[in-house]
Asker: 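Mind having a look at this structure? Questions to follow.
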Amino acid sequence: MGRIVYTLLLVFSVTIGLQAQQENQMKTEVEKNIWLPTMKEAIKKATAENKPILIYFTGSDWCGPCINLDNTLFHTEKFEKFAAENLVLYTADFPRNRDLVTKENRKINKELSHRYDQSSFPTIILINSKGEVLGRKNGAYLPEYYYTFFEEIVSQNK
């Protein structure tokens, strides 16, 4: 009888522990998903939080410098923390595999590219919630150069 109770307690404890671990993993994924899926959501959030919008023009499945920039800058803990506190993020992706972006986002990305005279990849443009350009970087640089650029824009627009 004692072994059955002990076994049931052990199974119950393990189940509760696994459930808590899954909840923590889901929370972490949500927190790291700081890139907004639509420009409309980015503008709404930027307006509500009085933050600049970082538009990242990329060719996610073909642009070597863009892929490198993703890995060395955008998917680092330092950037994710800085961005969560100071920026609203939107990716204007121009992949060769058109299934990677919705038809609506392809149209908006094309409009953004035309509006902001974007012609190379990667390009980063920071705008305010009204769409006015605060700064831009064309091409790929070392990650530390981006932080100086981001901090300057954020400090000028507080």
Side-chain angles (χ1 to χ4, degrees), residues 19-158:
Q19 183 178 1
Q21 184 178 6
Q22 282 181 325
E23 287 174 6
N24 284 340
Q25 286 176 340
M26 287 178 16
K27 183 179 176 184
T28 301
E29 290 302 315
V30 169
E31 288 172 353
K32 289 194 176 198
N33 192 10
I34 56 178
W35 293 86
L36 296 177
T38 67
M39 190 61 183
K40 185 183 258 185
E41 288 180 53
I43 292 168
K44 184 177 178 180
K45 183 174 180 175
T47 302
E49 298 179 9
N50 194 30
K51 293 179 180 177
I53 301 169
L54 182 153
I55 306 172
Y56 173 45
F57 292 91
T58 182
S60 66
D61 66 346
W62 62 268
C63 172
C66 300
I67 294 166
N68 185 50
L69 187 59
D70 261 3
N71 294 329
T72 61
L73 177 65
F74 294 132
H75 290 100
T76 64
E77 192 173 321
K78 179 180 178 182
F79 177 79
E80 289 171 352
K81 184 178 181 197
F82 178 83
E85 294 172 6
N86 300 292
L87 300 169
V88 174
L89 306 175
Y90 177 74
T91 300
D93 195 5
F94 293 84
R96 289 202 173 122
N97 179 355
R98 294 174 55 96
D99 294 336
L100 295 176
V101 178
T102 66
K103 186 176 181 178
E104 181 181 336
N105 277 8
R106 280 196 306 270
K107 180 182 174 194
I108 289 169
N109 294 349
K110 191 173 183 179
E111 289 170 3
L112 290 170
S113 176
H114 179 70
R115 178 177 181 179
Y116 295 111
D117 197 29
Q118 179 268 331
S119 60
S120 63
F121 295 96
T123 295
I124 294 173
I125 299 176
L126 282 104
I127 62 172
N128 62 21
S129 61
K130 296 174 186 164
E132 300 165 335
V133 175
L134 305 173
R136 74 183 300 141
K137 286 263 185 215
N138 296 326
Y141 302 89
L142 295 173
E144 49 270 12
Y145 293 121
Y146 288 103
Y147 286 107
T148 306
F149 170 66
F150 298 149
E151 288 167 352
E152 183 179 318
I153 299 294
V154 168
S155 67
Q156 288 176 0
N157 293 285
K158 281 196 173 187

Asker: Between atom OH of Y56 and atom NZ of K137, what is the distance when rounded to the nearest 0.5 Å?
Answerer: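 The NZ atom of K137 is 15.0 Å from OH of Y56, to the nearest 0.5 Å.
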
Asker: Would you call Q156 and E152 a side-chain contact if the rule is heavy atoms closer than 4.5 Å?
Answerer: yes

Asker: Within the 4.5 Å heavy-atom criterion, are F74 and I124 side-chain neighbours or not?
Answerer: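 Of all side-chain heavy-atom pairs linking I124 with F74, at least one is under 4.5 Å.
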
Asker: Counting only heavy atoms from other residues, nucleotides and ligands, does the tally under 6.0 Å from CG of N50 exceed 12?
Answerer: no

Asker: Determine whether N138 and T123 satisfy the following criterion, side chain to side chain donor-acceptor pair (under 3.5 Å), listing intermediate values before the conclusion.
Answerer: CA-CA 4 Å; N138 296 326; T123 295; 3.3 Å; yes

Asker: Quick check against the 3.5 Å criterion: does K51 have a side-chain atom that pairs as donor or acceptor with the backbone of A84?
Answerer: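 Judged by distance alone, yes, a pair lies under 3.5 Å.
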
Asker: If I compare all heavy atoms of C66 with all of G59, which pair ends up nearest, and what's the gap?
Answerer: SG-N, 3.7 Å

Asker: Indicate yes or no: at least one non-hydrogen side-chain atom of I53 is less than 4.5 angstrom from one of M39.
Answerer: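 SC-SC contact between I53 and M39 confirmed.
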
Asker: Answer yes or no: is there a donor N or O on one side and an acceptor on the other, between the side chain of Y90 and the main chain of E41, under 3.5 Å?
Answerer: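 Such a contact is absent between Y90 side chain and E41 backbone.
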
Asker: Does the Y146 side chain pair with the main chain of Y141, one donor and one acceptor, at a distance under 3.5 Å?
Answerer: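 Here the side-chain-to-backbone pair exists.
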
Asker: Compare all side-chain heavy atoms of T76 with those of P143 and state whether any distance is below 4.5 angstrom.
Answerer: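 Result no, sub-4.5 Å side-chain heavy-atom pair not found.
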
Asker: If you take all heavy atoms of S120 and G139, which pair is closest and at what distance?
Answerer: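 The pair with the smallest heavy-atom distance is OG-N, 4.5 Å.
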
Asker: Out of curiosity, I43 CD1 to T38 OG1, how far, rounded to the nearest 0.5 Å?
Answerer: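 That separation rounds to 8.5 Å.
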
Asker: So with a 6.0 Å cut-off around OH of Y145, is the heavy-atom count from everything else above 12?
Answerer: no

Asker: For the CG atom of N86 and the CD atom of E49, what is their distance to the nearest 0.5 Å?
Answerer: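 Here the interatomic distance stands at 11.0 Å.
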
Asker: What is the ring orientation for F82 with F150, classed by angle as parallel under 30°, tilted 30 to 60°, or perpendicular over 60°?
Answerer: parallel

Asker: Atom CG of L87 and atom NZ of K45: how far apart are they, to the nearest 0.5 Å?
Answerer: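 Here the interatomic distance stands at 10.0 Å.
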
Asker: So how far is it from R96 CZ to D61 CG, rounded to the nearest 0.5 Å?
Answerer: 7.5 Å

Asker: Tell me whether the rings of F57 and F94 are parallel (<30°), tilted (30 to 60°) or perpendicular (>60°).
Answerer: parallel

Asker: Side-chain contact, heavy-atom cut-off 4.5 Å: T72 with F79?
Answerer: no

Asker: Count the heavy atoms of every other residue, nucleotide or ligand shown that sit under 6.0 Å from CD of E111, and state whether that count exceeds 12.
Answerer: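 More than 12 heavy atoms, drawn from other residues, nucleotides or ligands, come within 6.0 Å of this atom.
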
Asker: Provide the closest heavy-atom pair for V88 versus A42 in the form atom of the first, atom of the second, distance.
Answerer: CG1-O, 3.5 Å

Asker: Closest approach of R115 and K130, non-hydrogen atoms and distance?
Answerer: NH2-O, 3.8 Å

Asker: May I ask you to test the N157-L126 pair for a side-chain heavy-atom distance under 4.5 Å?
Answerer: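 No, side chains not in contact.
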
Asker: Supply the atom-to-atom distance E85 CD to I34 CD1, rounded to the nearest 0.5 angstrom.
Answerer: 10.5 Å

Asker: Is any side-chain heavy atom of Q118 less than 4.5 Å from a side-chain heavy atom of F121?
Answerer: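 Yes; the side chains approach each other to less than 4.5 Å.
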
